[in-house]
Chemist: 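A single structure is presented below for examination.
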Amino acid sequence: MRRLPSAFFARDAIEVAPELLNKVLRVGGVDARIVEVEAYTQDDPASHSFRGRTRRNEVMFGPPGRLYVYFVYGMHYCVNLVTGTVGDGQAVLLRAAVIDGIDRRRTDGPAKLARSLGLDLAHNGSTADVYDDGVGPPELPVVSNRVGITRAADWPRRYRLPPTRKE
DNA sequence: AATCTGATCGTG
DNA sequence: ACGATCAGATTA
């Protein structure tokens with residue numbers, strides 16, 4: 001299990017996002033294998049950073065490799081990994097993961113995943129522990145448009161593991 | 001100051 | 001299809 005250096009995250013979110021597939025996020029001793037992500041860059045009208053730096057999104061503009069956690073819909077938290085260089089507001093939203101011993105249906109959405117990992121605003125801005133356990137990202141990730149947003153929903157910035165094929 | 005909207009989810 | 005539930009953004 002090699003811990004990813006911050007240099008891994010110091011690149012464009014669109015470059016980092018597909019490579020995060022099959023990486024392992026460790027929080028509080030729990031390992032979550034990332035299987036679906038979404039890239040948010042500053043030029044994206046749907047990104048929190050689109051209209052510049054605010055109190056809420058300032059972590060997105062900070063150093064890469066940290067957690068950006070935000071509160072939405074009055075009841076949910078979502079978790080991102082900050083990418084790019086300092087001053088560049090971007091991040092990769094974690095949409096789904098696989099955690100040993102936890103039902104898949106509890107980790108197959110951004111808010112559900114955050115809840116399963118026990119992440120909330122107290123973790124916003126903290127350093128992320130992400131590992132490469134040797135599996136590596138898929139050669140051909142499934143890239144598709146986004147769901148649950150109104151602005152620029154058709155931008156192909158959602159990345160998932162391809163469906164597993166049987167022999 | 002008032003209103004709108006949302007990177008969601010569970011229920012109906 | 002909709003309500004929950006609230007903070008940030010937008011408009012005035």
Side-chain angles (χ1 to χ4, degrees), chain A residues 8-25 27 30 32-99 101-128 130 137-138 141-161:
Chain A
F8 175 89
F9 299 96
R11 297 175 289 149
D12 197 274
I14 296 176
E15 198 178 330
V16 177
E19 290 184 34
L20 279 171
L21 295 175
N22 274 332
K23 293 292 186 294
V24 175
L25 171 66
V27 32
V30 177
R33 177 175 304 277
I34 298 165
V35 299
E36 180 179 342
V37 298
E38 209 157 275
Y40 283 94
T41 50
Q42 211 172 337
D43 63 330
D44 181 349
S47 174
H48 290 170
S49 60
F50 184 66
R51 288 161 217 283
R53 190 177 197 140
T54 65
R55 180 105 92 280
R56 179 208 207 186
N57 67 20
E58 63 182 333
V59 173
M60 289 183 82
F61 292 82
R66 296 196 176 169
L67 296 178
Y68 166 48
V69 185
Y70 66 90
F71 184 62
V72 274
Y73 293 112
M75 59 177 72
H76 297 301
Y77 297 99
C78 293
V79 185
N80 297 250
L81 294 173
V82 176
T83 60
T85 53
V86 173
D88 195 1
Q90 49 168 267
V92 175
L93 171 70
L94 271 34
R95 296 192 55 87
V98 175
I99 304 176
I102 298 186
D103 195 294
R104 190 70 169 262
R105 292 168 298 198
R106 296 262 76 208
T107 61
D108 66 355
K112 291 195 274 183
L113 176 58
R115 174 165 277 264
S116 288
L117 288 171
L119 292 168
D120 58 29
L121 290 184
H123 304 85
N124 187 34
S126 65
T127 303
V130 185
V142 177
V143 185
S144 53
N145 63 330
R146 306 181 286 188
V147 293
I149 63 178
T150 55
R151 293 184 286 237
D154 57 323
W155 289 27
R157 293 190 169 191
R158 186 168 159 233
Y159 305 84
R160 307 178 265 158
L161 287 185

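Below, each value reflects all heavy atoms present in this structure, side chains not excepted, and no hydrogens, waters or symmetry copies. Below, chain A is the first sequence line, B the second, and so on; all start at residue 1.
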Chemist: Over how many whole Å does the gap from A:Glu36 atom CD to B:dT8 atom P extend?
Modeler: 10 Å

Chemist: For residues 43-66 of chain A, which residues have at least one heavy atom under 4.0 Å from DNA chain C?
Modeler: A:Arg51, A:Thr54, A:Arg56

Chemist: Tell me, please, which residues at least two apart from A:Arg33 pass salt bridge (Lys or Arg N to Asp or Glu O under 4.0 Å).
Modeler: A:Asp133

Chemist: First and last nucleotide of DNA chain C in contact with chain A, 5' to 3', at under 4.0 Å to a heavy atom: what are they?
Modeler: C:dA4 to C:dT10

Chemist: Sequence neighbours left out, what pairs pass side-chain hydrogen bond (donor to acceptor under 3.5 Å, both in side chains) with at least one residue falling in residues 59-73 of chain A?
Modeler: A:His48-A:Tyr68

Chemist: Can you list, in residue-number order, the parts of residues 73-86 of chain A that come under 4.0 Å of DNA chain C, counting heavy atoms only?
Modeler: A:Tyr73, A:Gly74, A:Met75

Chemist: A:Ile149 near the nucleic acid: base, sugar-phosphate alone, or nothing, with a heavy-atom cut-off under 4.0 Å?
Modeler: sugar-phosphate

Chemist: Paired stems touching DNA chain C, three or more consecutive Watson-Crick or G-U pairs with both distances under 3.5 Å?
Modeler: B:1-6 with C:6-11, B:8-11 with C:1-4

Chemist: List in chain and number order the residues that pass side chain to side chain contact (heavy atoms under 4.5 Å, CB included) with A:Ser126, two or more places apart in sequence or in another chain; answer none if no residue qualifies.
Modeler: A:Leu67, A:His123

Chemist: Once side-chain hydrogen bond (donor to acceptor under 3.5 Å, both in side chains) is applied, what residue pairs with a partner in residues 77-86 of chain A remain, sequence neighbours excluded?
Modeler: A:Thr83-A:Gln90

Chemist: Determine if A:Tyr70 stacks with B:dA7; use a centre-to-centre distance below 5.5 Å and an interplanar angle below 30° as the criteria.
Modeler: no

Chemist: Whole Å only: how far is the CZ atom of A:Arg146 from the P atom of B:dG6?
Modeler: 13 Å

Chemist: Who passes side chain to side chain contact (heavy atoms under 4.5 Å, CB included) against A:Arg11, sequence neighbours left out?
Modeler: A:Phe8, A:Glu15, A:Val16, A:Glu19

Chemist: Taking the same atom, P, in C:dC2 and in B:dT5, what whole-Å distance lies between them?
Modeler: 16 Å

Chemist: Could you give all pairs that pass the side-chain hydrogen bond (donor to acceptor under 3.5 Å, both in side chains) test and reach residues 109-118 of chain A, with sequence neighbours left out?
Modeler: A:Asp108-A:Lys112

Chemist: Does OP1 or OP2 of B:dT5 have a side-chain N or O of A:Thr150 closer than 4.0 Å?
Modeler: no

Chemist: For residues 87-97 of chain A, which residue pairs pass the salt bridge (charged side-chain N to carboxylate O under 4.0 Å, His left out) check, not counting sequence neighbours?
Modeler: A:Glu36-A:Arg95, A:Glu38-A:Arg95

Chemist: Under 4.0 Å from any atom of DNA chain B, heavy atoms only: list the residues of residues 106-116 of chain A that qualify, in numerical order.
Modeler: A:Arg106, A:Gly109, A:Pro110, A:Ala111, A:Lys112

